[in-house]
Number of protein chains: 2
Amino acid sequence: MKEHLFAGDAFDPGCPTRLVLDRIGDKWTVLVVLVLLDGRRRFSELRDTVGGVTPKVLTQTLRTMERDGLLTREVFAEVPPRVEYELTGLGRSLQVPIRAVSDWAEQHVHAVMAARDRHDAASGGDA
Amino acid sequence: MKEHLFAGDAFDPGCPTRLVLDRIGDKWTVLVVLVLLDGRRRFSELRDTVGGVTPKVLTQTLRTMERDGLLTREVFAEVPPRVEYELTGLGRSLQVPIRAVSDWAEQHVHAVMAARDRHDAASGGDA
DNA sequence: AGATACCAGTATCCGATGGATACCTTTGCG
DNA sequence: CGCAAAGGTATCCATCGGATACTGGTATCT
């Protein structure tokens, strides 16, 4: 009776939960949310804040997030153009899981890196 | 002084937190953890439980997780071969963030799907 | 004896995807 | 005139994920 079993059917591909997991597991999506939690931002601000993202990928990410109802895109008919992105309530609610993940990452980065170094030393260390 | 700012430097590529984020944001990693939280499993059990994973990718995932200290791999020199995987303490600690993410996904799947449908109806609905 | 199955992967091939770079648009300004 | 600004596209390439087939050693089935 799976009292509090989570992700019960997440193992089934095609399960909506899987789709959503894939989305919010996306690297850039997470980072974009982190930026936008601080308030609305324009495209170039996002691009500059999130290190290493290319415009194409950022556009794709933003479009998908908009499609999924995580943020809104507002275009100002000016020159030069201005476009602002802002999280919706749904997008803001991502704060909780993302924060959990970020916290874990920061707390355990050292352990992971240490394990990685140990492994490297044991296998490819002499190459 | 970023009092409680999370992911402060996660925007910097090359930041270890980013590396870890990428890892645990990985679809298969998450699902493998979910299975192994229930106890040690052998390769074929994982492959069968996690829907849609191919052996190659599963192997890659497991190898990386082992390298990162998330699980242990135990080989039994038998015929036919037997290999068992088990989460380490570090791996088990992933339960917390993963659970947060899974919970979000299950709670908001409907909202996301609805937004997606709305979007599809508005743009590609007539194609 | 020979074929077969078992398990945990590899090997190989292919298409999708991510990423780097260059380019486009409009219009105000020097 | 022509360059700069902003928000993307267009193009190309590398990498990766995924599908399928195959391996190896033994024990058992026929």
Side-chain angles (χ1 to χ4, degrees), chain A residues 10-15 18-19 21-32 35-36 40-68 71-86 119 123-124, chain B residues 10-15 18-19 21-32 35-36 40-68 71-86 119 123-124:
Chain A
F11 299 127
D12 175 25
C15 158
R18 272 277 280 268
L19 297 179
L21 260 180
D22 282 2
R23 277 290 100 244
I24 69 178
D26 177 63
K27 172 167 62 163
W28 302 122
T29 299
V30 169
L31 295 172
V32 166
V35 179
L36 290 183
R40 56 163 45 204
R41 292 281 186 277
R42 33 201 310 191
F43 186 86
S44 49
E45 291 176 315
L46 287 169
R47 195 191 43 205
D48 295 344
T49 307
V50 177
V53 70
T54 63
K56 189 187 78 169
V57 174
L58 182 56
T59 301
Q60 284 172 356
T61 302
L62 291 169
R63 288 299 194 306
T64 304
M65 292 177 71
E66 186 192 9
R67 194 195 59 164
D68 286 353
L71 53 75
T72 57
R73 176 170 179 272
E74 189 172 2
V75 182
F76 297 86
E78 309 170 350
V79 163
R82 182 160 60 103
V83 179
E84 293 190 352
Y85 295 90
E86 183 172 24
H119 180 94
S123 66
Chain B
F11 299 129
D12 174 26
C15 158
R18 271 277 279 270
L19 296 179
L21 260 179
D22 283 1
R23 277 290 101 242
I24 70 178
D26 176 63
K27 172 168 64 167
W28 301 124
T29 299
V30 170
L31 295 172
V32 166
V35 179
L36 290 184
R40 55 163 48 204
R41 292 279 187 280
R42 35 200 309 191
F43 186 85
S44 49
E45 291 176 314
L46 287 169
R47 195 190 42 205
D48 296 344
T49 307
V50 176
V53 70
T54 63
K56 190 187 76 169
V57 174
L58 181 56
T59 301
Q60 285 172 356
T61 302
L62 292 170
R63 286 295 170 8
T64 304
M65 293 177 70
E66 187 192 8
R67 194 194 59 161
D68 286 354
L71 52 75
T72 58
R73 175 170 179 271
E74 190 172 2
V75 182
F76 297 86
E78 309 170 351
V79 163
R82 183 159 59 101
V83 178
E84 292 190 353
Y85 294 91
E86 183 172 24
H119 181 94
S123 66

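The structure presented is a predicted model; accordingly, all values stated were derived computationally and were not measured. Order of the sequence lines fixes the chain letters, A, B, ..., with proteins taken first and strands second; residue numbering starts at 1 for each chain.
- Arg42(A) places none of its side-chain heavy atoms less than 4.5 Å from the side chain of Val83(A).
- In this structure, of dG25(D), dT10(C), dA22(C), it is dT10(C) that holds the atom nearest to the side chain of Pro55(B).
- Heavy atoms only, all atoms of each residue included: Pro13(A) and Arg18(A) are closest at CB-NH2, 3.6 Å.
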Please walk me through it: do Tyr85(B) and Val32(B) pass side chain to side chain contact (heavy atoms under 4.5 Å, CB included)?
-> CA-CA 10 Å; Tyr85(B) 294 91; Val32(B) 166; over 6 Å; no
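- Distances shorter than 4.0 Å separate none of the side-chain N or O atoms of Arg41(A) from OP1 or OP2 on dG7(D).
- Between Glu74(A) atom CD and dG7(D) atom C1' the separation is 15 Å, expressed in whole Å.
- Phe76(B) comes within 4.0 angstrom of no nucleic acid atom, judged by non-hydrogen atoms across all strands.
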At under 4.0 Å between heavy atoms, which parts of nucleotides 11-17 of chain D does protein reach? Answer with one letter per nucleotide, 5' to 3': B base, S sugar-phosphate only, - none.
-> B-----B
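- Picking from dC7(C), dG8(D), dA6(D) the nucleotide with the shortest atom distance to the side chain of Phe43(A) gives dG8(D).
- The side chain of Arg63(B) contributes an N or O atom lying less than 4.0 Å from OP1 or OP2 of dG9(C).
- Side-chain N or O atoms of Arg47(A) include none that pairs as donor or acceptor with a backbone N or O of Val53(A) at under 3.5 Å.
- Set against dG8(D), dC7(C), dG19(C), the side chain of Thr54(A) has dG19(C) as its closest nucleotide.
- Residues Arg63(A) and Arg73(A) are in side-chain contact: their nearest non-hydrogen atoms beyond the backbone lie under 4.5 Å apart.
- With a 4.5 Å cut-off on side-chain heavy atoms, Leu62(B) and Trp28(B) do not count as touching.
- Atom pair Arg47(A):CZ and dG19(C):C1' shows a separation of 15 Å (rounding to whole Å applied).
- The nearest pair of heavy atoms linking Ala10(A) to Cys15(A) is CA-SG, 4.2 Å.
- Between dT9(D), dG7(D), dT26(C), one nucleotide has an atom nearer to the side chain of Val79(A) than all others, and that is dT26(C).
- Distance Leu31(A) CG to dG19(C) P: 11 Å, rounded to the nearest Å.
- Note: CG (Asp48(A)) to C1' (dG8(D)) measures 14 Å, nearest angstrom.
- For Arg82(A), whose side chain is taken as the heavy atoms from C-beta onward, the closest listed nucleotide among dG7(D), dG19(C), dG8(D) is dG7(D).
- Checking the phosphate oxygens (OP1, OP2) of dA8(C), a side-chain nitrogen or oxygen of Arg42(B) falls inside 4.0 Å.
- For the side chain to side chain contact (heavy atoms under 4.5 Å, CB included) with Leu31(A), the qualifying choice from Val50(A), Asp26(A), Leu36(A) is Val50(A), the only one to do so.
- One atom, CG of Leu58(A), and another, C1' of dT21(C), lie 16 Å apart when rounded to the nearest Å.
- Between the CG atom of Leu46(A) and the C1' atom of dG8(D) there is a distance of 13 Å, rounded to whole Å.
- Among dG8(D), dA8(C), dA6(D), the nucleotide with an atom closest to any side-chain atom of Pro81(A) is dA6(D).
- The side chain of Thr59(A) approaches dG8(D) more closely than any other nucleotide in the set dC7(C), dG8(D), dA5(D).
- Nucleotide dG28(C) holds its C1' atom 13 Å from the CD atom of Glu78(A), rounded to whole Å.
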